[in-house]
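First the structure, in the form of structure tokens, and then the observations on it.
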Amino acid sequence: MKILLMLSVVPDTTSKINFTDNDTRFDKTGIQFVINPHDEFGLTKAMQIKEKTGAELHVVHVGVQANESVIRKTLAIGADKAFRIDADPKDSYFTAAQLAEFIKDKDYDLIIAGRESIDYNGGMVPGIVSALTGIKFVNAVIGMELNGNNVTLDREIEGGKETLQTTLPLIIGGQKGLVREEELRIPNMRGIMMARKKPLEVLPAVDAPLTTEYVKFEKPPAKSAVKLIDKDNLDELIDLLHNEAKVI
Amino acid sequence: MSILIYASHQNGKPDKTAKELASYAKAMSEKTGGEVIALGFGLTAPEALYAYGVNKVLNVDDQRFGVFNAKAYAETFRQAVEKTGAKYILTGQNSDGLYFSSLLAGMLQAAYVTQVISLPENTEPFTVRRKAFSNKAIASVTLKTDIKILNIAKNSFGLLENPADGTSETFRPEISAEVFEEIKSLKVEKATGKVPLSDAEIVVSAGRGLKGPENWGMVEELAEVLGAATACSKPVADMGWRPHTEHVGQTGKQVAPNLYIAIGISGAIQHLAGVNSSKNILVINTDPEAPFFKAADYGVVGDAFEVVPELIKKLKEFKASH
Ligand SMILES: Cc1cc2nc3c(=O)[nH]c(=O)nc-3n(C[C@H](O)[C@H](O)[C@H](O)COP(=O)(O)OP(=O)(O)OC[C@H]3O[C@@H](n4cnc5c(N)ncnc54)[C@H](O)[C@@H]3O)c2cc1C
Ligand SMILES: Nc1ncnc2c1ncn2[C@@H]1O[C@H](COP(=O)(O)O)[C@@H](O)[C@H]1O
């Protein structure tokens, strides 16, 4: 069995966000990049399957060279081989087209992606890859059981979940729930040493259209100061919620 | 230049997301021209959409679509685009809408943008504003393909009645049986009798400050008095105090209700990422330095175990007299 993790590399969740070039580009200065949290759940799930079935685990990332340290982290956690497609992933369609081209002549049984990247919050790439490759896709996966070629999945829906049945090959958009929080892996010393010797292949990008373009960024308007209400005067709070906020 | 919207529904009646998309589409059509066409699966009350400006409803009246199937829905939209010549497709920020829209974007090789929060700033080039970096930024983005897909963020536009003379017709897409076979729905489990978190006008949320799951009675009671949904912070879900479906934030659900009440939640940046689009935020916390107060509209510094029961009592009196 062969598993592929599609890895998105994002600013650490606590990053302060700034812009440069006249507010047309995200400013990477001083930003620490990490494995996209949704992909972290996917990576752990992939490792669990690998340990159970002896599957081979590859990682692919479309991105710049600076992200290789984050790719190495997935190797340190236990992936066997990584690929970086050398391009700036600034458009989801473009990125998906790179990944689809990469997947096309391989024979991955299971392709694990995340529900969304927490930087641009797109939630777009895995579905587009599915449409371009014809490989089935289930999104927002919060649980998955493999049984030979059969797969049972739980997908998060409004107010609950849906259980689905399908077969490999398959692409999933995973998220929290796929594994338990305490199962998440962090690299250990031995893993880090081993990762240095594992292959990280760099591939050129293929031609693909840029369907969107970011033209400007701004920060959301600042909140005005909070109105503090004395805990012994909750009538005032109710009055504000009723007459000012008009929410009750 | 028609605009095609996804009319999600509950028991055949267009839901709030569908009405918000219709409102948005109608306002957008004043800039782009063209009709507003709604496509739904098993709608029994299409006329509810005319009130929001929908000119035409295409209704797929076929048992096989009764259970959501992303590929079948995407393929139906593709065929509807072919039939109507629609140039814009609008879907809503719910699990089904996000799921099939990405497939559709791939099928049509169309520019697709999620998290859209306002009407197009420009139609030439076509530019919209969207949230990015977990609500820490707003980006203007241009869509450069002939057909464009927009996923509109929840509660970002609101409902705007604008009646149109609408008509409804049955739409019969051709979908191979295989599509319904390759991914099969076994069962759907939904919490019944509770206000669903994603559509709630008011959300009552609590965090680790509540000390333990046994103390959630007052949270549920407050939610009940307000007709609100309940939510929680991540550690609360991780410790199993509350179900994962209630976890909001960067790695949980995003919500944007009219009122978000945060009880005993510190307001970590990852939590705020999922809730700071709420129209109003009320924070109840013992610590006046809790970061959540900086993101709040209203705040009560105090012990939840005193403030919440008192608030419930006062709200009950208020409700009784209004
Ligand atoms: C990658 C990553 C992703 C994350 N994603 C999310 C996410 O999606 N959602 C999320 O919520 N968190 C997320 N977190 C965790 C986040 O950083 C915080 O740890 C978490 O939100 C804290 O939860 P809390 O506010 O309930 O608990 P605490 O931080 O422990 O806060 C408890 C609060 O309760 C107050 N309090 C105590 N007693 C009382 C009382 N009697 N009455 C009133 N107030 C009281 C305290 O003053 C304190 O402010 C993420 C973290 C990481 C690293
Ligand atoms: N540059 C990328 N390289 C590889 N995979 C990616 C990339 N961007 C996104 N993905 C995958 O697609 C998922 C959803 O990302 P997005 O559509 O960007 O929100 C991520 O969790 C990854 O699994």
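- In the displayed structure, K294(B) atom NZ is contacted under 6.0 Å by at most 12 heavy atoms of other residues, nucleotides or ligands.
- Once rounded to the nearest 0.5 Å, the distance linking OG of S95(B) with CZ of R115(A) reads 10.5 Å.
- Residue S101(B): no heavy atom, backbone or side chain, is found under 4.5 Å from chain A.
- Q175(A) does not touch chain B: none of its heavy atoms, backbone or side chain, sits under 4.5 Å away.
- With a 4.5 Å cut-off on non-hydrogen atoms, F126(B) does not touch chain A at all.
- Comparing L228(A), V247(A), T13(A) by how many heavy-atom pairs each has under 4.5 Å with chain B, the most go to T13(A).
- Both the backbone and the side chain of A245(A) come within contact range of chain B, judged by heavy atoms closer than 4.5 Å.
- Residues Q10(B) and E158(A) are not in side-chain contact: their nearest non-hydrogen atoms beyond the backbone lie 4.5 Å or more apart.
- The residue among T24(A), D235(A), N233(A), T167(A) with the most heavy atom pairs within less than 4.5 Å of chain B is D235(A).
- Interface remark: I269(B) contributes side-chain atoms only to the contact with chain A (heavy atom separation under 4.5 Å).
- Most heavy-atom pairs under 4.5 Å with chain B, from the set K219(A), K161(A), H38(A): that is K161(A).
- Only the side chain of S198(B) comes within contact range of chain A, with heavy atoms under 4.5 Å apart.
- In this structure, K234(B) NZ and K176(A) NZ are separated by 6.0 Å, a value rounded to the nearest 0.5 Å.
- When side chains are defined from C-beta on, L240(A) does not count as touching D297(B), because their heavy atoms never get closer than 4.5 Å.
- Considering only heavy-atom pairs separated by less than 4.5 Å from chain B, the leading option among L234(A), N139(A), V226(A) is V226(A).
- Only the side chain of K223(A) comes within contact range of chain B, judged by heavy atoms closer than 4.5 Å.
- Looking at every heavy atom in both residues, G123(A) comes nearest to S102(B) through O-CB, 4.1 Å.
- With a 4.5 angstrom heavy-atom cutoff, L226(B) touches chain A only via side-chain atoms.
- The aromatic rings of F133(B) and Y120(A) are tilted relative to each other, their planes meeting at an angle between 30° and 60°.
- Proximity to chain A (any heavy atom under 4.5 Å) is shown, for L315(B), by both the backbone and the side chain.
- Ion pairing of K231(A) with E310(B) is absent here, as no side-chain N (NZ or NE/NH1/NH2) approaches a carboxylate O to less than 4.0 Å.
- A donor-acceptor pair under 3.5 Å is absent between the side-chain atoms of K136(A) and the main chain of K71(B), judged by distance alone.
- Residue contact with chain A, scored on non-hydrogen atoms closer than 4.5 Å, is absent for V283(B).
- Between E218(A) and R129(B) the shortest side-chain heavy-atom distance falls below 4.5 Å.
- Looking at Y93(A), only its side chain comes within 4.5 Å of chain B, counting heavy atoms on both sides.
- With a 4.5 angstrom heavy-atom cutoff, V138(A) touches chain B via backbone and side-chain atoms both.
- With a 4.5 Å cut-off on non-hydrogen atoms, L153(A) does not touch chain B at all.
- Of the two parts of P11(A), only the side chain, counted from C-beta on, holds a non-hydrogen atom closer than 4.5 Å to a non-hydrogen atom of chain B.
- Between chain A and the options K187(B), H247(B), K131(B), heavy-atom pairs under 4.5 Å are most frequent for K187(B).
- Note that the CG atom of L241(A) and the CD1 atom of I202(B) stand 8.0 Å from one another [nearest 0.5 Å].
- For chain A, the nearby part of Q254(B) is the side chain; its heavy atoms alone come within less than 4.5 Å.
- Looking only at side-chain heavy atoms (C-beta outward), P220(A) and N135(B) stay at 4.5 Å or farther from each other.
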Q.
side-chain contact (heavy atoms from CB on, under 4.5 Å), that's the test. Do K314(B) and L237(A) meet it? Break it down for me.
A. CA-CA 10 Å; K314(B) 299 257 181 202; L237(A) 176 63; over 6 Å; no
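- Checked by atom type and distance alone, the side chain of T114(B) pairs as donor or acceptor with a backbone atom of G122(A) at under 3.5 Å.
- Residue with the most contacts toward chain B among T211(A), L210(A), D154(A): T211(A) (heavy-atom pairs, distance under 4.5 Å).
- To the nearest 0.5 Å, atom OG1 of residue T152(A) and atom CG of residue L186(B) are 6.5 Å apart.
- For A105(B), the parts lying under 4.5 angstrom from a heavy atom of chain A are both the backbone and the side chain.
- Heavy atoms of L282(B) lying under 4.5 Å from chain A belong exclusively to its side chain.
- Under the 4.5 Å side-chain criterion, counting only non-hydrogen atoms from C-beta, Q270(B) is in contact with T14(A).
- Between I157(A) and K190(B), some side-chain heavy-atom pair lies under the 4.5 Å cut-off.
- Across P37(A) and T251(B), no two heavy atoms sit closer than the pair CB-CG2, 3.8 Å.
- Taking each heavy atom of F318(B) and H242(A) in turn, the nearest pair found is CZ-ND1, 3.4 Å.
- Between D96(B) and R155(A) there is a salt bridge, since a side-chain N of the basic residue sits under 4.0 Å from a carboxylate O of the acidic one.
- At least one side-chain heavy atom of E116(A) sits under 4.5 Å from a side-chain heavy atom of Q115(B).
- Within the 4.5 angstrom heavy-atom criterion, only side-chain atoms of I238(A), from C-beta onward, approach chain B.
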(Q) Could you go through N258(B) and K246(A), starting from their C-alpha distance and side-chain angles, then the distance that decides it, and tell me whether this counts as side-chain contact (heavy atoms from CB on, under 4.5 Å)? (A) CA-CA 9 Å; N258(B) 290 331; K246(A) 299 190 169 43; over 6 Å; no
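- Interface remark: I229(A) contributes backbone and side-chain atoms alike to the contact with chain B (heavy atom separation under 4.5 Å).
- With a 4.5 Å cut-off on non-hydrogen atoms, E201(B) does not touch chain A at all.
- The most heavy-atom pairs under 4.5 Å with chain B, out of F19(A), F137(A), F41(A), come from F137(A).
- Contact record, L103(B) with A131(A): O-CB, 3.4 Å, taken as the closest heavy-atom pair.
- For K148(B), no part lies under 4.5 angstrom from a heavy atom of chain A.
- A donor-acceptor distance shorter than 3.5 angstrom exists from the side chain of T166(A) to the backbone of E182(B), with no hydrogens or angles considered.
- Atoms CG and CE, from L98(B) and M124(A) in turn, are 10.5 Å apart once rounded to the nearest 0.5 Å.
- No donor-acceptor pair closer than 3.5 Å links the side chain of Y99(B) to the backbone N or O of G127(A).
- For A229(B), no part lies near chain A; criterion is any non-hydrogen pair under 4.5 Å.
- In this structure, NZ in K136(B) is found 13.5 Å from CZ in F217(A), a value given to the nearest 0.5 Å.
- Heavy atoms of I142(A) lying under 4.5 Å from chain B are absent altogether.
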